[in-house]
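Below: one structure, written as structure tokens.
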Amino acid sequence: MPLALQTFSSVKDANAALQAAGTRYLGGGTLVVRAANEGDGSVSSLVRVTDPGLSQIAVSDGKVRLGASVTMAAIARHAELAALAPAARAVGGPAIRNMATVGGNLFASAPYGDFAVALLALDATVAAEAGEMPVETFLASRDTSRAVVTAVGFSLPEAESFRFLKVSRVKPKGVSVLSIAALLQRTADGTMTSARIALGCMADRPIRAKAAEKALLGCKLMPQEIAPALAAAGEGISPITDPIASAWYRAEVLPVHLGRLLLS
Amino acid sequence: MAKVPVQFTLNGSEKAEFIESGTTLLHALRDKIGDTSPKGGCHQGTCGACSVIIDGELRLSCLTLAETCNGADITTTAGLAEGGVLHPLQRAFLDAFATQCGFCTPGMIMAAKVLLDRTPNPSREDVVEALSGNICRCTGYEPIIQAVLTAARANSQSAA
């Protein structure tokens, strides 16, 4: 079925057009054009916004704001976003990274959406015309979202406090078996004071490993001390099954890879 | 379906077409303009056979709508040879037996061209990374990697 593309210069006009049935937002095209090519009959019309502000990266006073149209490639090559580069480079091959956007990644179902896993660990906020909301809230309600995401914002993590790991079977690029992002705050002697751990492929969208986070508090990153956190990592998960891995396999290897990430 | 005007530069030539809204660049190039060098493989952004260069960046023409390319500068494999002389990458792919069935070759060459344009002397790891979005069912990849490295060496020697 042919698609009709409507181009707007303002988010406000695009939001109005998005309310029509069968209308989806076109960012980089790696999700919605793919769906249309696959024969998804629910997509009959596309909307896009050409506002250059959606493609801007702003880093100031430790705060980062990424326009929703910023690509993974732009993040990966941005000098001040080096801590996030591994998460951006985890998305697809070079051509996909030139197209895939921050906004689109928030809507990517598992096993995709590796960058959204990082945003969840970073406690990002998601901005739309009506205001901002925590990324965790956004991810929970994204299926019913009918508003253009305009940007995400978060505090730039210290390089040593943010960790990201994508596990895949095909190197250097393959679909995720799972992905993990962690934001870890520690005292000078290495005692954990705060931990946010986000998991990809452990549900249909990124989720937090809250039991593991809690178990890490007061610990040092040593094998015997993180063991309770690894044991708790599987609480509340519902891994996906796909041609890459079964839910059982993903659940089995999660503690192994979380342990490697924490001890790395 | 309404037709929309689209203008862009394709391999150095101005193109102005009316296309149906929502047409992918891949279909516009192959079915409307007649440049069949980008191949339609998976149409899902997975195989890389449809790769083209848009404004200096590697993109997948199967996931790019043609009307979003208004004013763009597009390069396909068909535009690489000059005056009947193959581009060094094309020559190297032939010489290294890197083109077995040939279906993935245009996409591979596009990915390799972007790499060599930015990194004239790539490492093997650079080449593997650059080609990581392109699937080949014939070669086992090694002849392709060697072809890209050979073209890079040829470029550096000619520049010396």
Side-chain angles (χ1 to χ4, degrees), chain A residues 1-8 22-40 43-50 55 69 71-74 76-77 85 89-101 104 108 111-112 168 170-175 243-244, chain B residues 1-4 6 19-27 38 40-71 107-108 110-115 118-119 124-135 141:
Chain A
M1 184 168 63
L3 296 169
L5 174 63
Q6 303 174 76
T7 300
F8 298 99
T23 303
R24 300 265 296 272
Y25 186 77
L26 174 68
T30 61
L31 296 176
V32 73
V33 179
R34 172 184 172 147
N37 287 349
E38 203 172 29
D40 183 347
V43 188
S44 58
S45 180
L46 298 174
V47 165
R48 70 169 177 151
V49 176
T50 54
S55 299
S69 297
T71 64
M72 296 299 117
R77 64 174 172 253
R89 280 199 297 266
V91 177
I96 287 287
R97 290 198 294 274
N98 286 334
M99 301 171 71
T101 63
Y112 307 110
S168 61
V170 178
K171 309 296 181 187
K173 299 299 166 201
V175 176
I244 303 299
Chain B
M1 181 60 64
K3 293 199 172 185
V4 292
V6 179
I19 59 164
E20 286 190 358
S21 183
T23 301
T24 64
L25 179 62
L26 175 66
H27 281 301
C42 66
H43 299 272
Q44 298 289 291
T46 302
C47 74
C50 68
S51 300
V52 299
I53 301 172
I54 302 177
D55 293 333
E57 289 199 327
L58 191 70
R59 299 272 293 272
L60 297 166
S61 61
C62 76
L63 298 182
T64 302
L65 298 189
E67 61 207 278
T68 66
C69 299
N70 227 357
M108 290 282 184
M110 288 289 97
K113 184 174 188 306
V114 170
L115 169 69
R118 295 179 181 174
T119 311
R124 188 180 189 284
E125 288 70 29
D126 292 334
V127 176
V128 170
E129 169 65 30
L131 301 178
S132 62
N134 295 70
I135 292 174
Y141 297 99

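Please read all numbers here as calculations on a predicted model, not as lab measurements. The chains referred to below are lettered A, B, ... by the order of the sequence lines, with proteins before strands, and numbering in each begins at 1.
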Is [X] close to chain B through its backbone or its side chain, or both, or neither, when contacts mean heavy atoms under 4.5 Å?
X     : value
A/R89 : neither
A/L5  : both
A/L26 : side chain

- Query: Shortest non-hydrogen contact from B/L26 to B/P38?
  - Reply: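 Where B/L26 meets B/P38 most closely, the heavy atoms are CD1-O, 3.7 Å.
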- Partner chain B: residue of A/G174, A/G93, A/P94 with the largest heavy-atom pair count (under 4.5 Å):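 Greatest number of close heavy-atom pairs with chain B: A/P94.
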- With respect to chain B, which residue among A/G29, A/A73, A/G28, A/G92 yields the maximal number of heavy-atom pairs within a distance under 4.5 Å? A/G29
- When the 4.5 angstrom heavy-atom criterion is applied to B/L60 and chain A, the contacting part is both
- Message: I need the B/D126 CG to B/L131 CG distance, nearest 0.5 Å.
- Response: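 That separation rounds to 10.5 Å.
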- Got B/L63 and A/N37 here, is their nearest side-chain heavy-atom distance under 4.5 Å? yes
- Spell out, as yes or no, whether a donor-acceptor pair under 3.5 Å connects the side chain of B/T24 to the backbone of B/C62.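 Checked: no pair found.
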- Item | N/O donor-acceptor pair under 3.5 Å between B/S61 side chain and B/C50 backbone |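 Yes, B/S61 side chain to B/C50 backbone: donor-acceptor pair under 3.5 Å.
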